Amino acid sequence: IHDTGREQRSVSTRRKNEEIEKAPTPRKVDSRVDRGNRGEELFRWVLGKRGFSNTAIQKVIGGWHTIWGRHRQRLGQFDEYWKSIGKSREDLLIESDPETMISNFISQLQADQTSDANQANCRTAIAMLFRAQGVPKDKINGFALQQIMKKPQAGMRQKIKEEPVWQYNDLLRYVNEKATAKQDLSENQYMGIVIALIMGYSTLRLAEVHRSIVKDLKDGSWQINTSMIKVHETQVEIVFRPVQNPNVCPTEWIRGWYERRTKKDKNKPFLWLIEKKRIATYEEASKAVHQIMAEAGIPDNPAVTSIRKSSMTKSIDQGATKTQINRATRHKKGTDTVAHHYDKNLNDNLRQRLSEFE
DNA sequence: GAATGGACACAAGAAGCCGC
DNA sequence: GCGGCTTCTTGTGTCCATTC
């Protein structure tokens, strides 16, 4: 139930453009690789000084998934700063007041006009370094630093605004039309439609579809097994059963996807590409779905996740209850994630009804 | 293709609110 | 004031897009 404040976390898409103009992100070609290595080296050095063995340090890093890549970048950014003010690594260890260090670091970033998100991320990374070093929490995050962080945090909050989402029906119409000439579709197009349909009907994310194992249950239905790593690693099992219109039916399209293969390829993984004789990469899958959305006439080349938005919006529009949506999207009971991030129904109808009296 | 950056998500704890 | 509920903040993490 403690989950209502999260919509404040995100950076609005609009800010992205402004940010590029007023604060170009410092992407220096040559220092790019260096910075990450630098950050990792710093982290290893600090834990090494504390007495951690290389194996132990490796395990600490292994506890992070993809987030480690972010931390190491920011630690590299800190390392650059630390050197620029004439400090040595040993100075880090004898530092008795980490909060002051962090405050000065963040203030410098602000002065250098780095983005709000960058300041927040740097603060997180450097705080992690100190915590790994064994510094108690209250020495890392105190009142003064919180004051400093107010501005970047406010800047990161997403504006609550009304924005339209493309019509899920547009995608269905396109698929419906292609269903009668499946043999003319390229491998990429076919894959794009299959993935788009799975995403639309299951609201799985692309990464989750990409690592799916798909099983023919032999009774006309198909099972999708995958894992959701975001937040907590959970196994997910979904069964698609035929819907009335075979043209837009996920099981029909999945069956057809496997039928394209020769017998010896039948048991190859879900996203096996016949032509390339290997599994499609994440990028290829993403490209295929984008191509389908473009061909369906969906404007502005939206992200693949917009399929989730579009599909949920349609469900809500058709009168699905909150409970039904939470169940379908596998969001935790009680979250209003869907309402804030996915339900893009505009309020025009409500306003019209408000304006009516007598 | 890897590094990088922005966006979205969730849990836990803190803070606010309200009726008694 | 106190307990129960709601709302907000913080820390941490993954997903998706872009850049070099």
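Reminder, nothing fancy here: chain letters follow the sequence lines and each chain counts from 1. Being a predicted model, the structure only gives us computed values, none of them experimental.
Residues of residues 277-284 of chain A that place a heavy atom closer than 4.0 Å to DNA chain C, in numerical order, are A:Tyr282.
Residue A:Arg74 has its side chain nearest to B:dG5 when only C:dA17, B:dC8, B:dG5 are considered. For A:Arg205, taking side-chain heavy atoms from C-beta onward, the closest of the listed nucleotides C:dT12, C:dC16, C:dA17 is C:dC16. Each of C:dG11, B:dA9, C:dC15 was ranked by its minimum atom distance to the side chain of A:Arg308; first place goes to B:dA9. Nearest to the side-chain atoms of A:Arg211 among the listed nucleotides C:dT12, C:dC15, B:dC8 stands C:dC15.
Regarding contacts with the backbone of C:dT10, every side-chain N or O of A:Arg123 stays at 4.0 angstrom or more from both OP1 and OP2. At least one side-chain nitrogen or oxygen of A:His290 sits closer than 4.0 Å to the OP1 or OP2 atom of C:dA17. Taking only side-chain nitrogens and oxygens, A:Ser286 comes nearer than 4.0 Å to OP1 or OP2 of C:dA17. The side chain of A:Gln73 contributes no N or O atom lying less than 4.0 Å from OP1 or OP2 of B:dA3.
Residue contacts for A:Met128: at a heavy-atom cut-off of 4.0 Å it reaches the sugar-phosphate backbone alone, with no base atom in range.
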key: Watson-Crick or G-U pairs under 3.5 Å in DNA chain C, rendered as dot-bracket with [ ] for crossing pairs and | for another strand   = ||||||||||||||||||||
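Classification of A:Glu208 and A:Arg205 as a salt-bridged pair holds, one side-chain N sitting under 4.0 Å from a carboxylate O.
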request  = Would you please test A:Glu41 and A:Arg44 for salt bridge (charged side-chain N to carboxylate O under 4.0 Å, His left out) and show each step?
outcome  = CA-CA 5 Å; A:Glu41 200 200 318; A:Arg44 286 175 180 277; over 6 Å; no
key: Full working for salt bridge (charged side-chain N to carboxylate O under 4.0 Å, His left out) between A:Arg278 and A:Glu284   = CA-CA 12 Å; A:Arg278 57 170 175 76; A:Glu284 284 169 329; 2.9 Å; yes
request  = Evaluate salt bridge (charged side-chain N to carboxylate O under 4.0 Å, His left out) for A:Asp79 paired with A:Arg89, printing each intermediate quantity in order.
outcome  = CA-CA 9 Å; A:Asp79 196 50; A:Arg89 289 213 171 144; 3.5 Å; yes
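Whole-Å rounding puts the A:Met149 CE to C:dC8 C1' distance at 17 Å. Look at NE2 on A:His71: it is 12 Å from P on C:dG11, rounded to the nearest Å. Per the geometry, NE2 belonging to A:His210 stands 12 Å off P belonging to C:dC15, to the nearest Å. Nucleotide C:dT10 holds its P atom 13 Å from the CD atom of A:Glu99, rounded to whole Å. Look at CG on A:Asn121: it is 15 Å from C1' on B:dA3, rounded to the nearest Å. Atom CG in A:Asn118 sits about 13 Å away from atom P in B:dA7, given to the nearest Å. Look at CE on A:Met312: it is 8 Å from P on B:dA9, rounded to the nearest Å. To the nearest angstrom, C1' of C:dT10 lies 18 Å from CD1 of A:Ile126.
Linking ILVMFWY residues whenever their side-chain heavy atoms come closer than 4.5 Å, directly or via other members, leaves A:Leu204 and A:Leu217 in distinct clusters.
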Solution key, residues 286-297 of chain A side-chain donor-acceptor pairs under 3.5 Å, sequence neighbours excluded:
unit_1: A:His290; atom_1: ND1; unit_2: A:Ser286; atom_2: O; d: 3.1
unit_1: A:His290; atom_1: NE2; unit_2: A:Pro302; atom_2: O; d: 3.1
unit_1: A:Gln291; atom_1: NE2; unit_2: A:Glu295; atom_2: OE2; d: 2.9
unit_1: A:Glu295; atom_1: OE1; unit_2: A:Tyr174; atom_2: OH; d: 2.2
unit_1: A:Glu295; atom_1: OE1; unit_2: A:Gln189; atom_2: NE2; d: 3.0
unit_1: A:Glu295; atom_1: OE2; unit_2: A:Gln189; atom_2: NE2; d: 3.3

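When the salt bridge (Lys or Arg N to Asp or Glu O under 4.0 Å) test is applied to A:Lys49, no partner is found at least two apart in sequence or on another chain. Considering only residues two or more places apart in sequence or on other chains, A:Asp91 meets the salt bridge (Lys or Arg N to Asp or Glu O under 4.0 Å) condition with none of them. Residues satisfying the salt bridge (Lys or Arg N to Asp or Glu O under 4.0 Å) criterion with A:Glu187, sequence neighbours excluded, are absent altogether.
Note that CZ of A:Phe270 and OG1 of A:Thr226 are 10.0 Å apart. Values are rounded to the nearest 0.5 Å.
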